[in-house]
Undergrad: 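This structure is in structure tokens; I'll ask about it shortly.
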Amino acid sequence: MNQELIDRYLYAVTRRMPKAKQEDVAQELRGLIDDMLAERCGDRTPEEKDIRIVLTELGSPQDLFNKYDEDGGKCLIGQPYYSTYKSVLKIVFIAVAVGMTIASMILCLVEPMGVWKTVGTWLGNVYNGLLSGFAIVTVLFAFFYKKSVPLGQPFNFDDLPPVPKKKETISKGECYAGIGLSVVFLVVFLTAPQIFCAILTETKQVIPIFDPAMVRQTWYLIVLFAACGITREIVKLMEGRYNKTVLVTKVVCNIASAVLSIWWLRGFDLMNPEFVGSISALFRGDAEFIIRIFSNFQLFFLGCILFALVLDTLEGIIKTVRK
Amino acid sequence: MNAEETVAGLKQELRRGTLILLVLSQLRKPTYGYSLVKSLSESGIPMDANTLYPLLRRLEGQGLLKSQWDTGENKPRKYYQITPEGQLVLEETKAYWKQLSTQVDKLLEEEV
């Protein structure tokens with residue numbers, strides 16, 4: 001008996017359900033299909049044709065899923081997105097709090113101020129960060145959810161996706177870590193760009209590499225850059241495996257990230273003039289190479305980002321093709 | 001919309017309202033989905049499995065039914081049974097249905 005066709009059908013029905021429900025519904029429907037086949041075939045072993053007839057009688061996986069998901073399309077963020085939305089929100093909240101705390105500590109070291117002012121600024125930043133994080137995550141998920149509610153379409157057995165093997169699936173922890181790190185980076189970099197700095201041991205002087213005012217002025221580009229990274233991870237989380245959707249999103253997000261980086265690093269003078277001057281003075285003559293890197297730091301930084309994006313895209317292509 | 005379509009739509013709506021009542025009434029003893037499909041169909045109330053299975057799960061979610069897997073037989077099956085809360089809902093809805101249908105019948109009779 002072609003168990004694979006049944007497995008693929010059940011996977012297509014249940015893949016967008018909450019994790020806790022998937023296995024139970026699949027097992028119950030498997031029993032139903034068995035009963036329907038037994039009634040149809042009696043003692044004879046069911047052939048592929050019988051399975052196709054029974055599954056057609058049950059209807060398209062999408063229709064069956066819709067019957068299990070009565071509220072589908074009626075809310076801002078429904079299942080299966082809601083479960084992931086809650087987890088991502090938790091990660092983002094933790095990352096914002098951690099990031100803001102790190103940023104406040106850096107600010108406190110660079111520009112010392114009174115205790116009360118420090119605590120007040122920290123609380124204010126955390127509050128604003130949580131609100132922004134909540135808004136960005138909610139808007140992203142509402143957008144994905146609206147896009148994902150498919151219209152009724154006839155189904156074709158050959159279009160049923162194969163059930164993924166264990167190693168093909170994407171690790172959720174990896175995606176959550178990616179989202180968490182993106183948010184921590186975003187928060188720290190926007191609040192305390194001074195995190196990238198040179199510390200001159202002789203004079204105990206701290207010189208930020210970037211001009212904090214310029215970095216804050218271009219905040220929207222940095223937020224969009226981080227949003228591209230988060231979008232990439234959310235799509236991976238929702239799909240749960242390397243497929244065309246994941247690859248296309250990855251390529252589109254990486255191209256967008258590359259354009260944003262070029263715009264940011266070529267279009268604005270982000271370096272702290274004091275830093276460039278002191279580096280040249282420090283290495284005077286004996287480290288031509290280092291001076292050259294730091295004098296063209298924006299170009300060097302852009303090169304690193306583009307290289308990382310190309311590597312990430314290639315990794316995505318290889319993982320998708322290899323499966 | 002022609003008359004035929006209107007009738008089909010009305011029939012479907014009338015059915016939808018009564019299906020839950022019927023399903024609750026048939027689950028005094030633990031029963032699995034497909035055997036309920038069969039028994040309803042034998043009583044002249046055909047109901048598609050793809051409607052009944054999600055409905056059973058929804059009623060369970062509302063606390064009107066409880067379920068238990070029976071893995072003893074060669075095929076594991078999920079058995080559903082009415083809960084005390086479901087019983088209460090059933091009794092009240094049944095009383096309402098009887099009252100409503102008597103009155104509807106009376107009015108329809110008068111019409112003739």
Side-chain angles (χ1 to χ4, degrees), chain A residues 1 3 6 9-10 12-14 16-43 45-46 51-74 78-80 82-83 152 154-155, chain B residues 5 8-9 12-13 15-24 26-27 30-43 45-82 89:
Chain A
M1 190 165 84
Q3 199 66 43
I6 299 177
Y9 179 86
L10 292 176
V13 175
T14 56
R16 294 174 45 224
M17 290 180 179
K19 263 273 172 299
K21 208 169 139 184
Q22 281 178 355
E23 189 46 42
D24 202 70
V25 172
Q27 202 174 354
E28 194 179 14
L29 288 177
R30 196 183 296 280
L32 169 67
I33 294 167
D34 266 6
D35 283 336
M36 289 169 83
L37 282 171
E39 180 171 288
R40 202 185 147 71
C41 305
D43 294 334
T45 310
I51 297 177
R52 283 178 182 245
I53 291 173
V54 163
L55 295 183
T56 309
E57 208 176 302
L58 275 181
S60 84
Q62 185 58 49
D63 287 345
L64 194 48
F65 169 77
N66 289 346
K67 287 186 176 171
Y68 275 101
D69 179 46
E70 266 218 319
D71 299 327
K74 291 183 202 143
Q79 288 294 9
Y82 187 63
S83 318
F155 95 103
Chain B
E5 283 173 11
Q12 203 186 352
E13 277 187 45
R15 242 175 80 87
R16 195 181 304 160
T18 51
L19 274 182
I20 296 180
L21 179 65
L22 287 173
V23 167
L24 288 178
Q26 299 304 302
L27 291 174
T31 311
Y32 65 93
Y34 197 59
S35 89
L36 185 55
V37 170
K38 297 268 97 183
S39 69
L40 282 174
S41 151
E42 278 159 19
S43 314
I45 312 278
M47 186 176 184
D48 288 333
N50 62 15
T51 306
L52 180 70
Y53 276 66
L55 176 65
L56 287 172
R57 206 162 265 272
R58 203 153 51 243
L59 295 176
E60 187 189 9
Q62 290 170 357
L64 306 182
L65 296 179
K66 60 182 178 184
S67 72
Q68 197 171 11
W69 277 99
D70 179 6
T71 45
E73 290 177 57
N74 53 356
K75 271 184 210 169
R77 280 185 169 132
K78 198 173 187 184
Y79 282 81
Y80 291 88
Q81 191 179 7
I82 196 162
V89 170

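Letters go in sequence order (proteins before strands), and every chain restarts at 1.
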Undergrad: Once side-chain hydrogen bond (donor to acceptor under 3.5 Å, both in side chains) is applied, do any residues pair with A/K21, and if so which ones, sequence neighbours excluded?
TA: none
Undergrad: Calculate, to the nearest 0.5 Å, the distance between atoms CZ and CG belonging to B/R77 and A/L32 respectively.
TA: 10.0 Å
Undergrad: Can you name the residues that form a ring pair (Phe, Tyr, Trp, His ring centres under 6.0 Å) with B/Y32, not counting sequence neighbours?
TA: B/Y79
Undergrad: Can you name the side-chain hydrogen bond (donor to acceptor under 3.5 Å, both in side chains) partners of B/K78, sequence neighbours left out?
TA: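 For B/K78, the residues satisfying side-chain hydrogen bond (donor to acceptor under 3.5 Å, both in side chains) (neighbours in sequence not counted) are A/D24.
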Undergrad: Between A/Q27, A/R30, A/E28, which has the largest tally of heavy atom pairs under 4.5 Å with chain B?
TA: A/E28
Undergrad: Return the CZ to CD distance between B/R15 and B/Q12, rounded to the nearest 0.5 Å.
TA: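 The CZ atom of B/R15 sits 8.0 Å away from the CD atom of B/Q12.
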Undergrad: Does A/T14 reach the main-chain N or O of A/L10 with its side chain, forming a donor-acceptor pair under 3.5 Å?
TA: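 Yes, A/T14 side chain to A/L10 backbone: donor-acceptor pair under 3.5 Å.
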Undergrad: Does anything in residues 47-61 of chain B reach chain A? List residues with heavy atoms under 4.5 Å apart, or say none.
TA: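 So the qualifying residues are B/A49, B/N50, B/T51, B/Y53, B/P54, B/R57, B/R58.
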